[in-house]
Each structure stands twice: as structure tokens, then as C-alpha cells.
Amino acid sequence: MCRLPHKRRKGLCLTPKHVLPEQEGKRIDAFVCEQLDGITRSMVQNWIEQGHVTLASGKTVKKNYKVSAGDEVIVQMPEPQSVEIEPENIPIDIVYEDEDIIVVNKARGMVVHPAVGNWNGTLVNALMYHCGDRLSGINGEIRPGIVHRIDKDTSGLLVVAKNDLAHQSLAEQIACHSAAREYQAIVVGAPREDQGTIDQPIGRHKVDRKKMAIVPDGRHAVTHYQVLKRFRGYSLLAFQLETGRTHQIRVHMASIGHPIIGDPLYGLKKDRFSSLDGQCLHAWRLSLDHPRTGERMVFEAPLPEYFTAILNKMVQENG
């Protein structure tokens, strides 16, 4: 059940999330993660320990509590710690902007928001210079305006909220799958079928904590794909996300034996494109309802130059 969040004094309090019969038996930390895009399981576990996750009755729970059908779970996100983020005059490709939203075509190599090791040079630093204080505050001081993310070395479209009303609407659209995010990538080999769906849970790798993996207790993740063009040893695919897990497309494609070329974490170690500076993945189309007017809006960003150069080379090699 998707409902709009609302603010309270101690951070963001979400309206009760009702546990459906098919969700019964899930650990409460896994259940909460499924309801909130961009939130890690470790963050939720910390909130549980601090008493920020309760049942509607007021009962506190432990992180291994298993939800029952009909439970109402309330999440009280704590206020973020104050961090000084500097506005920076960094050029960004703005596809669309009005008083509520900004749609940006993010460059490959740019981190979306500040974090340990990347406090400067991020999209947020650039947006703060461009917008001043006209960004939503729901995601805290480190991620103002950020509703969803794409990886550092993935290029393409993402929408940014200028106010809390827009943020709430966009977050609900992503959670309810009414906002569509479409990607293109070049992968090794080609799936046997021209189209398909990968429905496999994704969580932190048990050994290499920098990576994600298919894990039984991971977060629900669904990726739809379609083969656009087959080359000798490679293929161009289109993707539509039903969920937005960290590294989702990259992990899912590697899991079926068709990793994205240039992917330093999940790709082939020895491949003609392994020297690429990151995965060949581009968020090319974004569809959403405008948070104020309700108008359906579709934005597109052409494939970047490095991407089209590889495609042209493959076309030439295949005659």
C-alpha cells in the first residue's frame, strides 16, 4: 500500500505500512527496506535499535521480529547529523526545470550525493550552487532534493525535487511503479530470448562488502529487459526497472551470464572492453507525472558519445 509520508518534529514519519498476507514472515528490517527506496538494511537495523521502528500499537521490536499479516509498521526517520556541504559551480546538463522539479542528464563519472570519500564534486554540490536553498529537505542535508540515484559511472536521467511536496509525490510514484526508468546497455553475449524478466533478491555480498549479490534474504528486485540488437559476442539491451536496488541491472545481468561491458565489479576481468572507465550503461528515458499538475511527462537523453562510438564499431565489425 503506497501512502504519502508526512513530517514530524523528529525527522520524517511515514504513515503506517500495512503488512500484506504474502509479506507475512519477513524480518521487519527486510520489510522496511522494501518500503523505502535508497535505504540500506543496516540503516534500518540501527533505527530499530534506537526505537525508531515500532508497530502502530507503540510496541518496539527487535530487528529479527517477523511481521504478521495486518501489522502496521511505523518508521520515524531520525534527523540527519549536520554536515557542511559546499555549493560548487560545476556544469550540469539540465534537461528540464520548473518551480517543482529539475531533470538532469548526469555525466558519467559524477557521484550523485556526498558521502565518505566524496564530499565534493557531486551532483548535489552542483545543484546547491544552481538552486541555492530551493531543494527538498526530506532526505536530509547530505541528499537535498535526491529522490532516486544512479551509479557514479552510469550516465543519464534522474529527477530532483525542489520542494517537499514534489519529493513526496515522486517518491510515491517510484514506490508504486508509476514512474518509469528505462536504460540501455551493451552486454557480453546475448540472452537466448528477445525479452525477459529477472526477479531475484539483491543484498550486500557476504564476503566482498563493496559488491551486491543475489542473496536469498536480499531485497525484492525486478528487472525487465529486451534485446535491441545482436552483435558478434555482444548485444544492445533495453531495461525497465520495477524496483531500484543498488547496482540492480549490473547484478542481475551478471547473474545470468551477460555482464555489462566495462563493469569493474561484475564484468569480465579479461575482455576487449575491460579497460573502459566504468560500465556501458545509460539511463535514457524517464517518465513521471508532474507532482503539481499531474501531467504525464517523458524525458529522453541521447546515448553519450563513448556509448555510440562502441556501437558504431560493432556495427562496422558486423558488416
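Basis for what follows: all heavy atoms, side chains included, without hydrogens, waters or symmetry-related copies. Here the structure is a predicted model, which means the values were calculated and not measured. We count residues from 1, following the sequence as given.
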Apply side-chain contact (heavy atoms from CB on, under 4.5 Å) to residues Ile74 and Leu55 and explain how you reach the verdict. CA-CA 6 Å; Ile74 296 178; Leu55 300 182; over 6 Å; no

Carefully, step by step, assess Phe299 and Arg285 under the rule side-chain contact (heavy atoms from CB on, under 4.5 Å). CA-CA 6 Å; Phe299 306 98; Arg285 184 155 62 186; over 6 Å; no

Does the pair Arg250 and Asp151 meet the rule for a salt bridge (Lys or Arg N to Asp or Glu O under 4.0 Å), with working shown? CA-CA 10 Å; Arg250 299 164 63 188; Asp151 297 336; 3.0 Å; yes

Might you work through the side-chain contact (heavy atoms from CB on, under 4.5 Å) test for Ile202 and Arg219, ending with a clear yes or no? CA-CA 5 Å; Ile202 293 177; Arg219 300 176 68 184; 5.8 Å; no

I'd like to know whether Lys229 forms a side-chain contact (heavy atoms from CB on, under 4.5 Å) with Met314, so could you lay out the CA-CA distance, the side-chain angles of the two residues, the decisive distance to 0.1 Å, and finally the verdict. CA-CA 10 Å; Lys229 184 72 175 179; Met314 289 182 175; over 6 Å; no

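The closest side-chain heavy-atom distance from Asp289 to Glu295 is not below 4.5 Å. Side-chain contact between Leu158 and Lys106 is present, with at least one heavy-atom pair separated by less than 4.5 Å. His290 is listed as a side-chain neighbour of Asp98, based on a closest heavy-atom distance under 4.5 Å. Using a 4.5 Å heavy-atom cutoff, the side chains of Val111 and Leu123 are not in contact. Residues Tyr65 and Arg27 are not in side-chain contact: their nearest non-hydrogen atoms beyond the backbone lie 4.5 Å or more apart. Leu170 has its side chain within reach of Val159: a pair of non-hydrogen atoms, C-beta onward, lies under 4.5 Å apart. The side-chain heavy atoms of Gln279 and Pro264, taken from C-beta on, include a pair separated by under 4.5 Å. The closest side-chain heavy-atom distance from Asp71 to Phe31 is not below 4.5 Å.
Closest approach of Cys131 to Ile102, counting heavy atoms only: SG-CD1, 3.1 Å. Pairing each heavy atom of Gly189 with each of His258, the nearest pair is C-ND1, 3.8 Å. Ile92 approaches Val104 most closely through the heavy-atom pair CB-CG1, 4.5 Å. The minimum heavy-atom distance linking Val227 with Ser235 is given by the pair CG1-CB, 4.5 Å. Closest of all the heavy-atom pairs between Pro87 and Met128 is CB-C, 3.9 Å. Contact record, Ser155 with Pro304: OG-CG, 3.6 Å, taken as the closest heavy-atom pair.
For the residue pair His252 and Gln200, no side-chain donor N or O sits within less than 3.5 Å of a side-chain acceptor on the partner. Side chains of Tyr234 and Asp271: a donor on one and an acceptor on the other come within 3.5 Å. Side-chain contact annotation: His247 with Tyr266, donor-acceptor N/O pair under 3.5 Å present. Neither side chain, Asn125 nor His113, offers a donor N or O lying under 3.5 Å from an acceptor on the other. With hydrogens and angles left out, the side-chain atoms of Thr223 and Glu242 include no donor and acceptor closer than 3.5 Å.
Salt bridge Asp217/Lys206: present, at least one basic N to carboxylate O contact under 4.0 Å. Under a 4.0 Å N-O distance rule, the pair Lys63/Asp29 does not qualify as a salt bridge. Of the charged side-chain nitrogens involved, none lies within less than 4.0 Å of a carboxylate oxygen, so that Lys210 and Asp208 do not count as a salt-bridged pair. No salt bridge links Asp100 with Lys162; every basic N to acidic carboxylate O contact stays at or beyond 4.0 Å. Salt-bridge formation is detected for the pair Asp194/Arg230: a Lys NZ or Arg NE/NH1/NH2 atom is positioned less than 4.0 Å from an Asp or Glu carboxylate oxygen. By the 4.0 Å N-to-carboxylate-O rule, Glu72 lies too far from Lys59 to be salt-bridged with it.
Both Val315 and Phe273 belong to a common hydrophobic cluster when Ile, Leu, Val, Met, Phe, Trp and Tyr are linked at side-chain heavy-atom distances under 4.5 angstrom. Linking ILVMFWY side-chain heavy atoms closer than 4.5 Å, directly or via other members, places Leu265 and Leu281 in two distinct hydrophobic clusters. Hydrophobic clustering keeps Ile101 apart from Tyr129 (ILVMFWY residues linked when any side-chain heavy atoms are closer than 4.5 Å, directly or through intermediates). Hydrophobic cluster membership differs between Met212 and Phe239, with clusters built from Ile, Leu, Val, Met, Phe, Trp and Tyr side chains linked at under 4.5 angstrom. No chain of hydrophobic side-chain contacts below 4.5 Å, direct or via other Ile, Leu, Val, Met, Phe, Trp or Tyr residues, connects Val187 to Ile214.
Remark: Arg108 qualifies as a cation-pi partner of Tyr306 under the 6.0 Å distance and 45° angle criteria applied to the six-membered ring.
Distance alone, capped at 3.5 Å, is enough to place a donor-acceptor pair between the Gln23 side chain and the Leu20 backbone. Glu88 places a side-chain N or O within donor-acceptor distance of the main-chain N or O of Gly121, the cut-off being under 3.5 Å. The main-chain N or O of Val222 is found under 3.5 Å from a side-chain atom of Gln248 such that the two form a donor-acceptor pair. Side-chain atoms of Thr308 come within 3.5 Å of backbone atoms of Glu305 as a donor-acceptor pair (strictly under, hydrogens ignored). Using modelled atom types, no side-chain atom of Thr243 and backbone atom of Arg245 make a donor-acceptor pair closer than 3.5 Å. With Lys26 contributing its side chain and Lys66 its backbone, the two residues share no donor-acceptor pair below 3.5 Å.
Atom CG of residue Leu303 and atom CD1 of residue Ile310 lie 10.5 Å apart, to the nearest 0.5 angstrom. Between the CD1 atom in Ile90 and the OG1 atom in Thr122 there is a gap of 6.5 Å [rounded to 0.5 Å]. From Ile249, atom CD1 reaches atom CG of Asp263 across 11.0 Å, with rounding to the nearest 0.5 Å. Between Leu288 atom CG and His148 atom NE2 the span is 8.0 Å, to the nearest 0.5 Å. Separating the CE atom in Met253 from the CG atom in Leu237 is a distance of 5.0 Å, to the nearest 0.5 Å. How far OH of Tyr225 is from CD of Gln240: 15.0 Å, rounded to the nearest 0.5 Å.
Environment of CZ in Arg296: crowded, with over 12 heavy atoms of neighbouring residues, nucleotides or ligands closer than 6.0 Å. Heavy-atom contacts from other residues, nucleotides or ligands closer than 6.0 Å to CD of Glu193 number 12 or fewer. Within 6.0 Å of CG on Asp133 lie no more than 12 heavy atoms contributed by other residues, nucleotides or ligands. When the shell of 6.0 Å around NZ of Lys152 is examined, it contains 12 or fewer heavy atoms from other residues, nucleotides or ligands.
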